[in-house]
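As structure tokens, the structure follows; a few thoughts come after it.
Remember, predicted model here, so these are calculated numbers, not experimental data. Just so we're on the same page: letters track the sequence lines, and every chain starts at 1.
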Amino acid sequence: MLKVKYIKEHIAEVKNGLRKRNWDEDGLKIVDEVLELDSRRKNIQQEKDQLLSEIKSLSKQIGGLMKTGETSAVDKIKAAIPEIKGRIKALEEEGGKVFTKLEDLLLSIPNVPHELVPEGKTEEDNFLYQAWEKPMPTLPEGALPHWELAEKYNLFDFKLGVKLTGSGFPVYRGKGARLERALINFFLDQATKAGYEEIWAPLMVNADSARATGQLPDKEGQMYHICKDDLYMIPTAEVPITNIYRDVILRESDFPIKMTGYTPCFRREAGSYGAHVKGLNRVHQFDKVEIVQLQHPDHSWAALDEMVDHVKSVLEKLELPYRIVRLCGGDLGFTSAMTYDFEVFSAAQEKWLEVSSVSNFLTFQSNRLKLRYKDKEGKIHLAHTLNGSALALARIVASLLENNQTADGIVIPEKLRPFTGFDIIN
RNA sequence: GGUGAGGUGGGUGAGUGGCUGAAACCACCGGUUUGCUAAACCGGCGUACUCUCAACGGGGUACCGCGGGUUCGAAUCCCGCCCUCACCGCCA
């Protein structure tokens, strides 16, 4: 959520940002409407504060008079109060309406894209930031997509998942399960080595947490909700990890705060079925290692680059062909100012699969989180937040299986072997 | 699931209707002293919104879990809700 103050001071910038997100001119009126509501809010509050102040001082007078026993003077003052109270009540009602409306509008304004974010409507328009220039994997005759490989080697089982839970809940078994665990450990080790503190977080969060990172109210349908206890299954580790610092005021010297965590991720993602979401490409439960940084505003762009480099190095160690795109205005997430997507080539499907999304949210997220820091002069500012996947497991597994298949079996990348304990799946 | 206790500033914790945005202590920050560290002493130290000032700063309002009520006036009284802790029961 953007601050009104920010909008007020950057009207043109905010409007251009919305244009980049393909809002039409009519939609941009929301900006003026926000400013209009905010000035009404201010006027109402000023007037109300003035009246409250009057009552307060009258009350103090009464306090003094009571002590000296001047009850007739007290009664005179009391008589004036109901009228003031009536005016306060009217202002409160109006103010409440204005405030609610303002809040609604603010919630519907997305973050301002960075100037490097390209124009565009769909993923076709994303900027290819780093292409894959080395040779693509060569597959043997009769190469199989990962879901057939999984069946052939008994690595994971969707039908069994349906029996236990429902569609989109794969059961990993044998070397498939071990591969999953190995990747998690490998990713966590990489992140820890890069200076991220490992967090083992709850898999359910309360509504306050979901609201602070922006899942509520925007993406309520995406989360599984446990009605009885009013808890939400996390769609990403970002939610519990970032919320550790909800309502916190840091010192400047606390930066950077770097955290990583593995969690399963639960996504309802209703309504998308068919060939393009076959196998592990899209599931309701998948595993992911997330990296999160809380940064001083001066350093968040450098931190974004650092996170991109981290993800790169992990993919290189796995020897997977990847490319990086910078998302265009139309593809950019609501809360993000700039996002790099990492895509890994899945050779048998001949498709690029998104495996990581690294974003800088600037103060958009910290505003709702109330994550702030105090500078040397003691002034308080919003911190910057960033996060990225490093990495999402299911699609990594898909491409790893497909790309590394040989006539003898599926070869495990060398760096991963200490974690799997085997070097081939056959 | 049952019973009981309790939610006050970064922490401990005082405060049962006006002089309390809130004692005291600890932590933290600044200073004095000191060969260094420590100790001692002095001073400072909540957040949000808002007005004002070139700026330093100054003013107003709200906030003692959340929401509502009583009252001229509420941290303090009343009602509802939420949460935490302890013990018992059940249990990985």
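Aromatic pair A:Tyr232/A:Tyr224: ring centres not closer than 6.0 Å. Aromatic pair A:Tyr373/A:His296: centroids less than 6.0 angstrom apart.
Of all nucleotides present, only B:rC83 satisfies the Watson-Crick or G-U wobble test against B:rG6, with each distance under 3.5 Å. The partner of B:rA22, taking Watson-Crick or G-U wobble pairs whose two distances both stay under 3.5 Å, does not exist in any strand shown. B:rA74 is unpaired under the Watson-Crick or G-U wobble criterion, no partner having all donor-acceptor distances under 3.5 Å. Under the Watson-Crick or G-U wobble criterion, with both distances below 3.5 Å, B:rC49 is paired with B:rG60. The partner of B:rC41, taking Watson-Crick or G-U wobble pairs whose two distances both stay under 3.5 Å, is B:rG31. The pairing partner recorded for B:rG89 is none, the criterion being a Watson-Crick or G-U wobble arrangement whose two distances lie under 3.5 angstrom.
Ring geometry for A:His310 versus A:Tyr196: interplanar angle of 30 to 60°, hence tilted.
Look at the C1' atom in both B:rU50 and B:rG11: the space between them is 31 Å, to the nearest Å. Rounded to whole Å, the separation between the C1' atoms of B:rG18 and B:rG73 comes to 6 Å. B:rC45 sits 14 Å from B:rG21 when the C1' atoms are compared, rounded to a whole Å. Nucleotides B:rA40 and B:rG58 are separated by 31 Å at their P atoms, to the nearest Å. Look at the C1' atom in both B:rG7 and B:rC56: the space between them is 40 Å, to the nearest Å. On the P atoms, B:rU84 is 23 Å away from B:rC90, given to the nearest whole Å. Comparing the P positions of B:rG30 and B:rC19 gives an interatomic distance of 35 Å, to the nearest angstrom. Comparing the same atom, C1', in B:rG4 and in B:rC72 gives a spacing of 39 Å after rounding to whole Å.
Here the nucleotide nearest the side chain of A:Gln46, chosen from B:rC49, B:rC51, B:rG46, is B:rC51.
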Protein proximity profile, nucleotides 64-80 of chain B - base contact B, sugar-phosphate-only contact S, no contact -, cut-off 4.0 Å on heavy atoms: --------BS-------
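When each of A:Lys42 and A:Gly378 is assigned the nucleotide of RNA chain B bearing its nearest heavy atom, the one mapping closer to the 5' terminus is A:Gly378.
The NZ atom of A:Lys374 sits 7 Å away from the P atom of B:rG46 (whole-angstrom rounding). Nucleotide B:rC29 holds its C1' atom 14 Å from the CD atom of A:Glu252, rounded to whole Å. Atom CD in A:Glu103 sits roughly 13 Å away from atom C1' in B:rA48 (whole-Å rounding). Taking atom CG of A:Asn43 as the reference point, atom P of B:rC49 lies 17 Å away to the nearest angstrom. Atom CZ of A:Arg41 is separated from atom P of B:rA48 by 14 Å (rounded to the nearest Å). Following rounding to the nearest Å, A:Leu250 (CG) and B:rC28 (P) show an atom-to-atom distance of 18 Å. Between A:Glu377 atom CD and B:rC45 atom P the separation is 17 Å, expressed in whole Å. Atom CD of A:Gln61 and atom P of B:rC19 are 15 Å apart (whole Å).
The distance from atom CG of A:Leu188 to atom CD of A:Glu290, rounded to the nearest 0.5 Å, is 11.5 Å. In this structure, the separation between CG on A:Asn154 and CG on A:Asp157 is 7.0 Å, given to the nearest 0.5 Å.
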Polar atom pairs between nucleotides 56-63 of chain B and protein, under 3.5 Å, N or O only, would you list them?
residue, atom, partner, partner atom, Å
B:rG60, O3', A:Ser53, OG, 3.4
B:rG60, N2, A:Asp49, OD2, 3.3
B:rU61, OP1, A:Ser53, OG, 3.4
B:rU61, O2', A:Asp49, OD1, 2.9
B:rA62, OP2, A:Lys56, NZ, 3.1

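Both the sub-6.0 Å distance and the 45° axial angle are not jointly satisfied by A:Lys312 relative to the ring of A:Tyr322.
Environment of CD in A:Glu70: crowded, with over 12 heavy atoms of neighbouring residues, nucleotides or ligands closer than 6.0 Å.
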Salt bridge (Lys or Arg N to Asp or Glu O under 4.0 Å) assessment of A:Lys29 paired with A:Asp32: CA-CA 5 Å; A:Lys29 285 182 185 154; A:Asp32 306 303; over 6 Å; no
Show me, pair by pair, the donor-acceptor contacts under 3.5 angstrom made by side chains of residues 43-52 of chain A, not counting sequence neighbours?
residue, atom, partner, partner atom, Å
A:Asn43, ND2, A:Ser39, O, 3.4
A:Gln45, NE2, A:Asp49, OD2, 3.3

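Among the heavy atoms of the strands, none lies under 4.0 Å from A:Lys76.
Taking 4.0 angstrom as the limit, A:Arg251 places none of its side-chain polar atoms (N or O) nearer than this to OP1 or OP2 of B:rC28.
Counting only N and O atoms by type, the side chains of A:Tyr262 and A:Glu198 include no donor and acceptor under 3.5 Å apart.
With a 4.5 Å cut-off on side-chain heavy atoms, A:Lys101 and A:Glu33 count as touching.
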